[in-house]
**Q** 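The structure that follows is given in the form of structure tokens.
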Amino acid sequence: MVDGPLRAELMDSPELPAHEAERALEDIGRTHRVAGHGALLRALLPRLGTGRRLVLDVGTGRGEVSSRLVEVAHRRGAAVRAVGLDRQLRHLLVGRRHGFDQMRVVADARALPFADGSVDWAFSTLFFHHFAAAANRLILDEMRRVARAGAVVADLRRSRLGVWLTRSVLRLLPVGEVARHDGRVSAEQAWGLDEVRGLVDADELVELERRWPFRFSLVLEPGPPGRGQTPPLHGGDRPEDPRPG
């Protein structure tokens with residue numbers, strides 16, 4: 001976690017032209033397919049068990065991570081359905097065009113539009129580093145509130161070597177300037193494990209692990225009931241109407 005205001009990532013700007021946003025989403029997806037999914041899968045898959053499960057992917061982007069989770073979980077005997085939530089409708093629409101397997105909701109992660117205990121697990125991947133401590137604490141509380149079993153975060157772990165490698169590798173990859181810029185910013189704004197541990201209470205912490213490469217996974221207990229008023233989601237619902245971000 002950096003001191004002071006966070007640097008903005010270009011992908012977060014509503015002014016970014018649609019074709020550049022789609023190119024950046026594809027670039028980011030391609031680079032993270034090598035190393036971006038493993039931390040989440042290793043933390044969450046053993047906890048899904050078998051049977052029917054409903055999971056919420058917070059800050060889903062195009063939705064490739066939840067789609068991959070659904071695919072692997074099915075092979076292990078869990079009938080998982082995923083809800084992908086993002087503030088930017090265009091990210092979700094790109095994912096739909098690519099056929100990523102999830103239901104889609106446009107909303108703000110700091111005020112999840114779901115009732116308490118609406119899903120089995122809530123998770124985020126490479127989303128945590130976009131926020132400072134106060135916002136992340138609110139997002140974690142919301143994720144814990146809506147999840148019956150708990151919340152999982154997989155994200156970048158701060159490392160000087162990781163920052164150097166990110167800068168070096170991005171220069172060599174055939175990606176656009178948006179992905180290069182945002183990749184550098186993400187690596188520089190990653191959290192240290194002690195900072196993550198300091199953000200959560202001991203009684204809610206289940207696991208905080210180093211993951212390869214330069215990643216961490218955080219697993220939290222479900223939270224107490226909160227203010228949720230929205231009816232619970234069910235597997236057949238397809239909530240794709242935009243909500244204010």
Side-chain angles (χ1 to χ4, degrees), residues 1-17 20-43 57-62 64-65 86-88 90-91 108-110 123-140 143 151-200 208-220 245:
M1 180 182 63
V2 298
D3 294 326
L6 295 178
R7 292 173 60 194
E9 296 192 15
L10 298 180
M11 280 292 297
D12 294 333
S13 172
E15 306 302 321
L16 186 67
E20 291 188 28
E22 185 159 357
R23 164 71 189 277
L25 286 168
E26 178 58 35
D27 288 341
I28 293 167
R30 185 165 57 250
T31 57
H32 286 311
R33 276 193 286 274
V34 177
H37 301 174
L40 185 278
L41 296 179
R42 288 192 290 272
D57 182 0
V58 178
T60 187
R62 296 194 310 175
E64 57 245 80
V65 176
D86 202 284
R87 283 189 66 177
Q88 297 214 35
R90 66 184 179 185
H91 294 178
D108 192 319
R110 292 164 291 191
F123 69 88
S124 72
T125 307
L126 301 179
F127 185 62
F128 193 85
H129 68 270
H130 289 258
F131 300 93
N136 267 329
R137 183 63 258 184
L138 181 55
I139 292 168
L140 291 176
M143 291 171 65
V152 178
V153 171
D155 216 287
L156 302 171
R157 174 168 46 88
R158 190 173 64 240
S159 162
R160 290 182 181 177
L161 177 58
V163 171
W164 181 82
L165 284 174
T166 298
R167 291 172 176 169
S168 301
V169 170
L170 286 173
R171 292 192 193 102
L172 302 175
L173 292 175
V175 299
E177 183 52 39
V178 174
R180 286 196 180 94
H181 173 274
D182 287 2
R184 293 191 298 265
V185 171
S186 294
E188 292 164 2
Q189 296 186 162
W191 285 59
L193 291 187
D194 287 342
E195 293 169 332
V196 177
R197 187 176 290 108
L199 190 66
V200 302
L208 178 59
E209 295 285 345
R210 292 173 178 265
R211 301 289 185 181
W212 184 91
F214 310 113
R215 303 286 197 271
F216 72 85
S217 63
L218 171 69
V219 182
L220 299 177

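Only a predicted model underlies this, so the values are computations on that prediction, with no experimental measurement involved.
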**Q** Between CG of D57 and CZ of F123, what distance do you get to the nearest 0.5 Å?
**A**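 D57 atom CG to F123 atom CZ measures 3.5 Å (nearest 0.5 Å).
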
**Q** Testing L218, N136, D194 for side-chain contact (heavy atoms from CB on, under 4.5 Å) with L199, which one passes?
**A**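 Of the listed options, the one satisfying the test is N136.
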
**Q** Stepwise, does the side-chain contact (heavy atoms from CB on, under 4.5 Å) test hold for V163 with F214?
**A** CA-CA 9 Å; V163 171; F214 310 113; over 6 Å; no

**Q** Rounded to the nearest 0.5 Å, how far does CG of L208 lie from CZ of R211?
**A** 10.0 Å

**Q** Measure the CG-OG distance between L41 and S217 for me, rounded to the nearest 0.5 Å.
**A**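 The OG atom of S217 is 11.0 Å from CG of L41, to the nearest 0.5 Å.
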
**Q** Quick check against the 3.5 Å criterion: does R180 have a side-chain atom that pairs as donor or acceptor with the backbone of L173?
**A**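 Yes: the side chain of R180 pairs with the backbone of L173.
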
**Q** Before you tell me yes or no, could you show the steps for L156 and L126 under side-chain contact (heavy atoms from CB on, under 4.5 Å), namely the whole-Å CA-CA distance, both residues' side-chain angles and the distance that decides it to 0.1 Å?
**A** CA-CA 7 Å; L156 302 171; L126 301 179; 3.8 Å; yes

**Q** Using 30° and 60° as the class limits, which term best fits the ring planes of H130 and F127: parallel, tilted or perpendicular?
**A**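 If you compare the ring of H130 with that of F127, the planes turn out tilted.
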
**Q** Would you call E195 and R158 a salt bridge, taking side-chain N to carboxylate O under 4.0 Å as the test?
**A** yes

**Q** How many angstroms lie between CG in L25 and CZ in R62, if you round to the nearest 0.5 Å?
**A**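 Between atom CG of L25 and atom CZ of R62 there are 6.0 Å.
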
**Q** Taking all non-hydrogen atoms of both residues into account, name the closest pair between H129 and S186 and its distance.
**A**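 For H129 versus S186, the nearest heavy atoms are NE2-OG, 2.9 Å.
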
**Q** Of all heavy-atom pairs between D27 and A179, which one has the smallest distance, and what is that distance?
**A** CB-CB, 3.6 Å

**Q** Is any NZ, NE, NH1 or NH2 atom of the basic residue among E22 and R90 found under 4.0 Å from an Asp or Glu carboxylate oxygen of the other?
**A**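 Looking at R90 together with E22, the answer is no, because their closest N to O distance does not fall below 4.0 Å.
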
**Q** Report the C-alpha distance between L138 and F131 in whole Å, list the side-chain angles of each, state the deciding distance to 0.1 Å, and finish with yes or no for side-chain contact (heavy atoms from CB on, under 4.5 Å).
**A** CA-CA 10 Å; L138 181 55; F131 300 93; over 6 Å; no

**Q** Using 0.5 Å steps for rounding, measure from the CG atom of D86 to the NE2 atom of H91.
**A**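 Going from the CG atom of D86 to the NE2 atom of H91 covers 6.0 Å.
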
**Q** Looking only at non-hydrogen atoms, find the nearest pair between T166 and G183 and report the distance.
**A**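 The pair with the smallest heavy-atom distance is CG2-O, 3.5 Å.
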
**Q** Could you tell me whether a side-chain N or O of E64 sits under 3.5 Å from a main-chain N or O of H37, the two making a donor and an acceptor?
**A** no

**Q** Give, for atom CG of D12 and atom CD of Q88, the distance between the pair rounded to the nearest 0.5 Å.
**A** 6.5 Å

**Q** Do R215 and D155 have side-chain heavy atoms sitting under 4.5 Å apart?
**A** no

**Q** Check whether D182 reaches the backbone of M11 with its side chain - one donor and one acceptor, N or O, closer than 3.5 Å.
**A** yes

**Q** Taking all heavy atoms of R23 and all of G176, pick out the closest pair and write down the distance.
**A** NH2-N, 3.0 Å

**Q** Between E177 and R184, does at least one N-O distance fall below 4.0 Å, as a salt bridge requires?
**A** yes

